[in-house]
Student: 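So that we are looking at the same thing, I have put the structure below in structure tokens.
These values consider heavy atoms only, across backbone and side chains, with no hydrogens, waters or symmetry-generated copies. Every chain is numbered from 1, with letters handed out A, B, ... down the list of sequences.
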Amino acid sequence: MPELPEVETAARSLAPQVVGRTIVGVERLDWERMVETPPAPLFRELIVGRRILAVRRRSKWLLIELEGGWTLAIHLRMSGRLTVHDAAEPARHHVHLVLRLDDGRRIFFDDERKFGRVRLLDAAGLAALDAAHGPEPLDERFTAEALARALAGRRTRIKPLLLDQRTIAGMGNIYASEALWLARIHPLTPAASLNTGAIVALHGAIRQVLATAIAHEGSSLRNYRNGYGRQGQNQEHFLVYDRAGMPCQRCGTPIERIIVGQRSTFLCPVCQPITG
DNA sequence: CATTACCTGCAA
DNA sequence: TTGCAGGTAATG
């Protein structure tokens, strides 16, 4: 489910609720595979009693920084949501991890499809996670030149390349289609064949669609909610995603849905020519 | 490169 | 019943 804008919105909405609080207990952990490292007993021992110093995002990972140099890294994958609740709120069936805080409130990790993952990382583990991902697209260091370097010599099609987290951190299936439509680039265009003008357009489009989605607090198609349990609004502003058969907002041509790399991809066949 | 696996729920 | 869903890793 969540891509960069949804994880960013989750981090921003969680921070004011939990920063400064101390984790006083792990009240539920009923899906063992969710915690990848360390083993559950050690996981519990290491996080209980630690204060939360910050909540931030790297790529699609939500990072909860704890005292003592530990970071609770959480990936929501397809259906995860992290929310904070008062003590009396019951945890429903799909809540697989519950963390109790020192003010009595609780953090729920709700994950219908059980794809979500949790890691407790030390400084080295966090550095490795960071190194496994490409540049943050909203960082000032992500320039059109940086994008050009990332695409140079890559004969693979542009859309799957955008979904590769080593190319650009945090891009996902929704915003890849959105950015390519905005930049007027066909999803099947070989990356290396994009000229400078197309790369500059794509760079701007990526930043624009992500910033707009954050401004709308992310997209909620099914499961996504922010830290307060609220839906995002960006699904009401989609340019092409999930709009097959509806008119292109630039030229009126019906939007097409094709499969690229096993993923649904939406485009306007008229204003996204194959050459980019 | 494509396919399969991991999971559950919902709509066609 | 089938296909599909915002992600990623592990296979041919």
Student: Using distance alone, with no hydrogens and no angle criterion, decide if A:D30 and A:H96 have a side-chain donor and acceptor under 3.5 Å apart.
Tutor: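 A:H96 and A:D30 do have a side-chain donor-acceptor pair below 3.5 Å.
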
Student: Apply salt bridge (charged side-chain N to carboxylate O under 4.0 Å, His left out) to residues A:R106 and A:E27 and explain how you reach the verdict.
Tutor: CA-CA 9 Å; A:R106 298 186 294 171; A:E27 295 195 342; 3.1 Å; yes

Student: So what does the secondary structure string of DNA chain C come out as, 5' to 3', with Watson-Crick or wobble pairs under 3.5 angstrom, [ ] for crossing and | for pairs with another strand?
Tutor: |||||.||||||

Student: Think A:R250 forms a cation-pi with A:W181, using NZ or CZ under 6.0 Å from the six-ring centre and within 45 degrees of its axis?
Tutor: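 Judged by the rule (NZ or CZ under 6.0 Å from the ring centre, within 45° of its axis), A:R250 counts as positioned above A:W181.
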
Student: Using the P atom on both, measure B:dT3 against C:dG3 and round to a whole Å.
Tutor: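 Straight-line distance between the two P atoms is 14 Å.
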
Student: Under a 3.5 Å cutoff, is there a donor and acceptor pairing between the side chains of A:S264 and A:Y241?
Tutor: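 Result is no, nothing qualifies.
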
Student: May I have the step-by-step check of side-chain hydrogen bond (donor to acceptor under 3.5 Å, both in side chains) for A:N223 and A:S79, ending in yes or no?
Tutor: CA-CA 6 Å; A:N223 301 286; A:S79 61; 4.8 Å; no

Student: How close or far is atom C1' of C:dG7 from atom CD1 of A:I168, stated in whole angstroms?
Tutor: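 Rounded to the whole Å, the gap is 17 Å.
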
Student: Looking only at side-chain N and O atoms, does A:S264 come under 4.0 Å of OP1 or OP2 in C:dA5?
Tutor: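 So the side chain of A:S264 is within the cut-off, an N or O lying under 4.0 Å from OP1 or OP2 of C:dA5.
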
Student: If I take atom CG in residue A:L221 and atom C1' in nucleotide C:dC4, what distance separates them, rounded to the nearest angstrom?
Tutor: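 To the nearest whole Å, that distance equals 12 Å.
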
Student: Taking it one step at a time, do A:T22 and A:R51 satisfy side-chain hydrogen bond (donor to acceptor under 3.5 Å, both in side chains)?
Tutor: CA-CA 4 Å; A:T22 295; A:R51 199 157 53 97; 5.1 Å; no

Student: What does nucleotides 7-12 of chain B look like as a protein-contact string, B for base, S for sugar-phosphate only, - for none, at under 4.0 angstrom between heavy atoms?
Tutor: BBS---

Student: Can A:I52 and A:L101 be said to form a side chain to side chain contact (heavy atoms under 4.5 Å, CB included), step by step?
Tutor: CA-CA 10 Å; A:I52 296 171; A:L101 304 175; 4.2 Å; yes

Student: Sticking with atom C1', work out how far B:dC1 lies from C:dA5, rounded to a whole angstrom.
Tutor: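 Comparing C1' positions in B:dC1 and C:dA5 gives a spacing of 24 Å.
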
Student: Which whole number of Å gives the distance between the C1' atom of B:dG9 and that of C:dA9?
Tutor: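 These two C1' atoms come out 23 Å apart once rounded.
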
Student: Let me know which of A:R225, A:R12, A:R230 forms a salt bridge (charged side-chain N to carboxylate O under 4.0 Å, His left out) with A:E217.
Tutor: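 By the salt bridge (charged side-chain N to carboxylate O under 4.0 Å, His left out) criterion, A:E217 pairs with just one of A:R225, A:R12, A:R230: A:R230.
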
Student: Is A:P190 close to A:T156 at the side-chain level, that is, under 4.5 Å between some pair of heavy atoms?
Tutor: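 Heavy-atom side-chain distance check fails, nothing below 4.5 Å.
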
Student: Can you tell if the side chain of A:L82 reaches within under 4.5 Å of the side chain of A:L14, non-hydrogen atoms only?
Tutor: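 Of all side-chain heavy-atom pairs linking A:L14 with A:L82, at least one is under 4.5 Å.
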
Student: In this structure, how many angstroms lie between the C1' atom of B:dC6 and the CG atom of A:L76, rounded?
Tutor: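 Answer to the nearest Å: 17 Å.
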
Student: Please state how far atom CE in A:M34 lies from atom P in B:dC6, giving the value in whole angstrom units.
Tutor: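 So the CE-P distance, A:M34 to B:dC6, works out to 19 Å.
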
Student: Would you tabulate the nitrogen or oxygen pairs shorter than 3.5 Å linking the protein to nucleotides 8-12 of chain C?
Tutor:
residue : atom : partner : partner atom : Å
C:dT8   : OP1  : A:H75   : NE2          : 2.9
C:dT8   : OP2  : A:K60   : NZ           : 2.9

Student: Using the side-chain hydrogen bond (donor to acceptor under 3.5 Å, both in side chains) definition, which of the options A:H75, A:E3, A:Q165 pairs with A:S59?
Tutor: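 Of the listed residues A:H75, A:E3, A:Q165, the side-chain hydrogen bond (donor to acceptor under 3.5 Å, both in side chains) partner of A:S59 is A:Q165.
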
Student: Please give, in whole Å, the distance from B:dC1 C1' to A:K159 NZ?
Tutor: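 Taking NZ of A:K159 and C1' of B:dC1, I get 16 Å after rounding.
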
Student: Would you say A:L188 and A:V260 make side-chain contact, with heavy atoms under 4.5 Å?
Tutor: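 They are in side-chain contact.
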
Student: How would you label the contact of A:R257 with the nucleic acid (heavy atoms, under 4.0 Å): base, sugar-phosphate, or nothing?
Tutor: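 Counting heavy atoms under 4.0 Å across all strands, the contact made by A:R257 is with sugar-phosphate only.
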
Student: Send over the distance from A:F266 CZ to C:dC4 P, rounded to a whole Å.
Tutor: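 My rounded result for the distance is 11 Å.
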
Student: For the pair made of CD in A:Q235 and C1' in C:dA5, what is the distance, rounded to whole Å?
Tutor: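 A:Q235 atom CD is separated from C:dA5 atom C1' by 15 Å.
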
Student: Take atom CD1 of A:I259 and atom P of B:dC1, then tell me their distance rounded to the nearest Å.
Tutor: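 It is 17 Å, rounded to the nearest whole Å.
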
